[in-house]
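Along the sequence shown, the residues carry numbers beginning at 1. Bear in mind the structure is a predicted one, so any value in this text is a computation, not a measurement.
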Amino acid sequence: MTDKTYSSKPAVKDDYTQDPRRNVEFSHAPRNYGRWIAWIVVLLIAADVLWAVSHNPNFEWHVVAQWFTEGSVIKGLGVTLGLTLVSMVLGVFIGLMLAIARLSDSMLLRRLAGLYIWFFRGTPLLVQLLFWYNMSTLFPRVVIGIPFGPQYLSWNTNDLITPLTAAIAGLALNEAAYMAEIIRAGLLSVDNGQGETAQAFGMSRGRALRRIIIPQAMRSIIPPTGNQLISMIKATSLVSVIAMGDLLYSVQTIYNRTFEVVPMLMVAVIWYLFITSLLNLGQSAIERYYSRGTRRTLPNAKRRQNIAEQKTAPIINSPGLARKEDL
């Protein structure tokens, strides 16, 4: 028989509630002092820059305030927004047709769509705008008819290609080339089984695109489309070279008369920043709408509730620790 030796000293019971270092109720994430220091440095630099810009007399902020809501500036802003809206809608529509052509089983459609994208993405937008504006030097008349055959309709090119139509054509056709690749990438992000299942239920390919594929692809299409919309707002400033009265052209007209170049450019900069900020908010809202059910992060309230539950949970229920009943 084996002798057993028992200690007369009572077992020391760990009191987790008295030692804050071992009580999970007092636990917290380690403090990251490096982040705090980085925040302080960034805020100091930002404050210094804002102070220098706001107190620099060369910016002539009183002139900026004077011309900020002037009639010609507001009219130019309206032209910029109108050009952006029309060109973006046409660009998305043409880009969708090109993306479908690129994914088509027809080699002819794929080659034609690829040629279009290659040309318009490979040439500068400014060159395309100048080309459309000076179309009459190449083709004095626009003719509709049978190739190498009779002509049915004919117009003077200068009557058709105004600064407005040249701006819309240049912006929309250029945007369509980029939107085609964005939409094509979004369509390819949807699993092939989605389209096959839709066709197995008797849907045509077009209906499957409208009802099944495109709604699921929107989650991948919306973010780059929002970036393209913001880029389009800024790209409209190029139409000033073809005498289109947009926002930049309006402020250029004013500072050519008053010689207040810097403050008038600041008027345009502030308006561009304001519009793009609003578009950023709209893009975020649309992204949240189409990413419902796929977000990987918990809402803040739910996250705080989970953290509180973890902190207040009894330590005896923690995995890997023996319970009293098991001893």
Side-chain angles (χ1 to χ4, degrees), residues 45-91 123-137 157-175 178 226-283:
I45 294 175
D48 182 66
V49 171
L50 290 176
W51 177 268
V53 171
S54 61
H55 289 76
N56 190 337
N58 296 322
F59 282 99
E60 300 181 68
W61 293 110
H62 64 284
V63 178
V64 175
Q66 175 186 351
W67 291 98
F68 188 71
T69 56
E70 201 270 336
S72 61
V73 174
I74 298 300
K75 183 179 179 181
L77 178 63
V79 172
T80 294
L81 296 177
L83 276 177
T84 301
L85 178 62
V86 174
S87 301
M88 199 67 195
V89 169
L90 292 176
T123 53
L125 176 57
L126 181 60
V127 174
Q128 296 176 29
L129 290 170
L130 292 173
F131 174 82
W132 285 106
Y133 185 66
N134 296 283
M135 180 70 72
S136 61
T137 60
T157 304
N158 284 327
D159 295 337
L160 292 179
I161 307 298
T162 63
L164 177 61
T165 55
I168 292 175
L171 293 172
L173 295 178
N174 179 267
E175 184 63 28
Y178 292 92
N227 294 335
Q228 290 298 117
L229 179 59
I230 293 173
S231 298
M232 177 67 76
I233 285 282
K234 296 179 290 183
T236 55
S237 61
L238 295 176
V239 303
S240 61
V241 301
I242 59 175
M244 187 65 197
D246 71 316
L247 176 60
L248 182 60
Y249 185 83
S250 299
V251 300
Q252 286 176 334
T253 303
I254 295 173
Y255 73 61
N256 285 335
R257 186 174 68 251
T258 63
F259 301 102
E260 296 169 329
V261 179
V262 172
M264 294 312 303
L265 289 178
M266 289 304 300
V267 170
V269 166
I270 294 173
W271 272 118
Y272 281 123
L273 287 175
F274 177 72
I275 298 301
T276 54
S277 299
L278 292 181
L279 292 176
N280 278 326
L281 294 176
Q283 177 185 349

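In terms of heavy-atom proximity, Tyr255 sits nearest to Glu260 at CB-O, 3.5 Å. When every heavy atom of Val251 is checked against every heavy atom of Ala268, the shortest pair comes out as CG2-CB, 4.1 Å. Closest approach of Asp246 to Ser240, counting heavy atoms only: OD1-CB, 3.7 Å. Scanning both residues, Ser250 and Gly245, for their nearest heavy atoms gives OG-O, 4.1 Å. The shortest non-hydrogen separation linking Ala167 to Val239 is CB-CG1, 3.7 Å. Nearest approach of Ile242 to Pro163, heavy atoms of both residues: O-CB, 3.6 Å.
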Problem set entry | side chain to side chain contact (heavy atoms under 4.5 Å, CB included) evaluation trace for Ile254 with Ser72 | CA-CA 9 Å; Ile254 295 173; Ser72 61; 3.5 Å; yes

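Distance check, rounded to the nearest 0.5 Å: CD1 of Ile275 to CD1 of Ile233 gives 6.5 Å. The distance from the CG atom of Leu85 to the CD1 atom of Ile168 is 10.0 Å, given to the nearest 0.5 Å. The NE2 atom of His55 sits 11.0 Å away from the CG atom of Leu50 when rounded to the nearest 0.5 Å. Here Thr157 contributes atom OG1 and Asn134 contributes atom CG; the two are 11.5 Å apart, rounded to the nearest 0.5 Å. The CG atom of Leu281 sits 10.0 Å away from the OG1 atom of Thr276 when rounded to the nearest 0.5 Å. Atom CD of residue Gln66 and atom CE of residue Met264 lie 9.0 Å apart, to the nearest 0.5 angstrom.
Phe131 is linked by a ring-ring contact (aromatic ring centres under 6.0 Å, His included) to nothing, counting only residues two or more places apart in sequence or in another chain. Residues satisfying the side-chain contact (heavy atoms from CB on, under 4.5 Å) test with Phe68, not counting sequence neighbours, are Val267, Ile270, Trp271.
Looking only at distances, no side-chain donor or acceptor of Asn174 sits under 3.5 Å from a matching main-chain atom of Gly170. With hydrogens and angles disregarded, no donor-acceptor distance shorter than 3.5 Å links the side chain of Asn56 to the backbone of Ala52. At distances below 3.5 Å, at least one donor-acceptor pair connects side-chain atoms of Gln128 with backbone N or O atoms of Thr123. No donor-acceptor pair under 3.5 Å is formed between the side chain of Ser87 and the backbone N or O of Leu171. Side chain of Trp132 to backbone of Thr165: no donor-acceptor contact under 3.5 angstrom is found.
Contact annotation: the side chain of Met244 approaches that of Leu83 to within less than 4.5 Å [non-hydrogen atoms, C-beta and beyond]. Side-chain atoms of Leu160 and Met135, non-hydrogen and from C-beta on, never get closer than 4.5 Å to each other. In this structure the side chain of Phe59 never reaches within 4.5 angstrom of the side chain of Val64, judged on heavy atoms. Residues Glu175 and Leu90 form no side-chain contact, since every pair of their non-hydrogen atoms from C-beta on lies 4.5 Å or further apart. Within the 4.5 Å cutoff, the side chain of Lys234 has heavy atoms near those of the Ile230 side chain.
Heavy-atom neighbours of Tyr272 OH from other residues, nucleotides or ligands within 6.0 Å: above the threshold of 12.
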